Amino acid sequence: AAYVYRFSGLEWVYSAKLYGSGSMTAGWFGATVAVSDGTVVVGAYKEKPFWGNGGSAYLFREIDTTWAQVARLADPNAYGNNYFGRSVTASGGRVLVGAYNALRTGTATSFSFTPPATSSYTLTLATIGTGSGSVTKLPNQATYVSGTVVTLTATPAINSTFTGWS
């Protein structure tokens, strides 16, 4: 398995445990991992999609709040014992998967993917009523990407009362 953690602004919080659809116990799923543009790539270089240790690589994305497998990549040469997925990397819409025993010389195969669109949001704070005080946000940013955890702290002024959020 591969485990996903998200930084909340204060600490790392467990988010998900990823499994590949065809991964098996002896497939070494999770031995190599890469992250780029909201996509997680997980290698399983001892998986047996054909024969021998051909290997695979899996792509995952967070859709709404759930992590989902969006692709399973296999060695296009399909030779046994290639160890496809022994190394993985991703950047700018491309995934590179290494197969260090392919044709006994080693190869790397490149795949393209479309990074998910990132949505950004503005958090607007306003006070209602006659009291005064302040509201702070952590992290304090102009915009936030979807999924960012923001902590709000209300501090009422002297002789004012904080009654809740709406």
Side-chain angles (χ1 to χ4, degrees), residues 1-47 55-74 84-98 108 110-166:
Y3 296 84
V4 179
Y5 286 80
R6 179 182 311 281
F7 192 66
S8 70
L10 300 172
E11 63 184 346
W12 288 96
V13 179
Y14 170 80
S15 178
K17 185 176 184 179
L18 307 178
Y19 295 97
S21 62
S23 64
M24 50 194 230
T25 309
W28 289 58
F29 178 89
T32 57
V33 178
V35 180
S36 177
D37 299 316
T39 299
V40 174
V41 183
V42 181
Y45 72 93
K46 283 193 150 191
E47 191 172 271
S56 295
Y58 294 84
L59 274 66
F60 296 87
R61 287 198 183 138
E62 189 175 27
I63 300 170
D64 295 322
T65 58
T66 303
W67 283 90
Q69 179 183 320
V70 294
R72 178 181 182 210
L73 308 176
F84 182 84
R86 178 67 176 92
S87 57
V88 296
T89 189
S91 179
R94 293 192 86 54
V95 173
L96 189 65
V97 182
S110 176
F111 298 88
S112 295
F113 69 96
T114 303
T118 49
S119 299
S120 63
Y121 301 92
T122 302
L123 177 62
T124 304
L125 303 175
T127 57
I128 300 173
T130 58
S132 62
S134 65
V135 177
T136 58
K137 54 188 176 177
L138 184 66
N140 187 13
Q141 301 171 186
T143 60
Y144 301 90
V145 295
S146 178
T148 302
V149 175
V150 181
T151 303
L152 300 176
T153 305
T155 307
I158 296 173
N159 296 325
S160 293
T161 304
F162 173 73
T163 57
W165 303 101
S166 65

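All values below come from the heavy atoms of this structure, side chains included, with hydrogens, waters and symmetry mates left out. Not measured: the values here are computed from a predicted model.
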Nearest non-hydrogen partners of A2 and F29, listed with the distance = N-CE2, 3.8 Å

Heavy-atom closest pair (A90 atom, V41 atom, distance to 0.1 Å) is CB-CG2, 4.0 Å

Identify, with sequence neighbours excluded, every residue that meets side chain to side chain contact (heavy atoms under 4.5 Å, CB included) alongside S8.
-> L10, E11, V13, V149

If you take all heavy atoms of S91 and S36, which pair is closest and at what distance?
-> CA-OG, 3.3 Å

Listed by chain and number, what are the side chain to side chain donor-acceptor pair (under 3.5 Å) partners of Y5, not counting sequence neighbours?
-> none

What are the two closest heavy atoms between A44 and Y58, and how far apart are they?
-> CB-CE1, 4.1 Å

Between S15 and E62, the two heavy atoms sitting closest are OG-OE2, 4.5 Å

Could I get the full list of ring-ring contact (aromatic ring centres under 6.0 Å, His included) partners for F7, not counting sequence neighbours?
-> W12

Among all residues two or more places apart in sequence or in another chain, which pass the side chain to side chain contact (heavy atoms under 4.5 Å, CB included) test with T66?
-> none

Decide yes or no for W67 and V40: does some side-chain heavy atom of the first lie under 4.5 Å from some side-chain heavy atom of the second?
-> yes

Kindly determine whether L59 and L73 satisfy side-chain contact (heavy atoms from CB on, under 4.5 Å), including the steps that lead there.
-> CA-CA 8 Å; L59 274 66; L73 308 176; 3.5 Å; yes

Which residues share a side chain to side chain contact (heavy atoms under 4.5 Å, CB included) with A157, sequence neighbours left out = S132, S160

OG1 of T39 to CZ of R94, rounded to nearest 0.5 Å, is 14.0 Å

Answer yes or no: are there more than 12 heavy-atom neighbours, outside N159 itself, under 6.0 Å from its atom CG?
-> no

Please identify each residue that fulfils side chain to side chain contact (heavy atoms under 4.5 Å, CB included) with T32, with sequence neighbours left out.
-> R86, V88

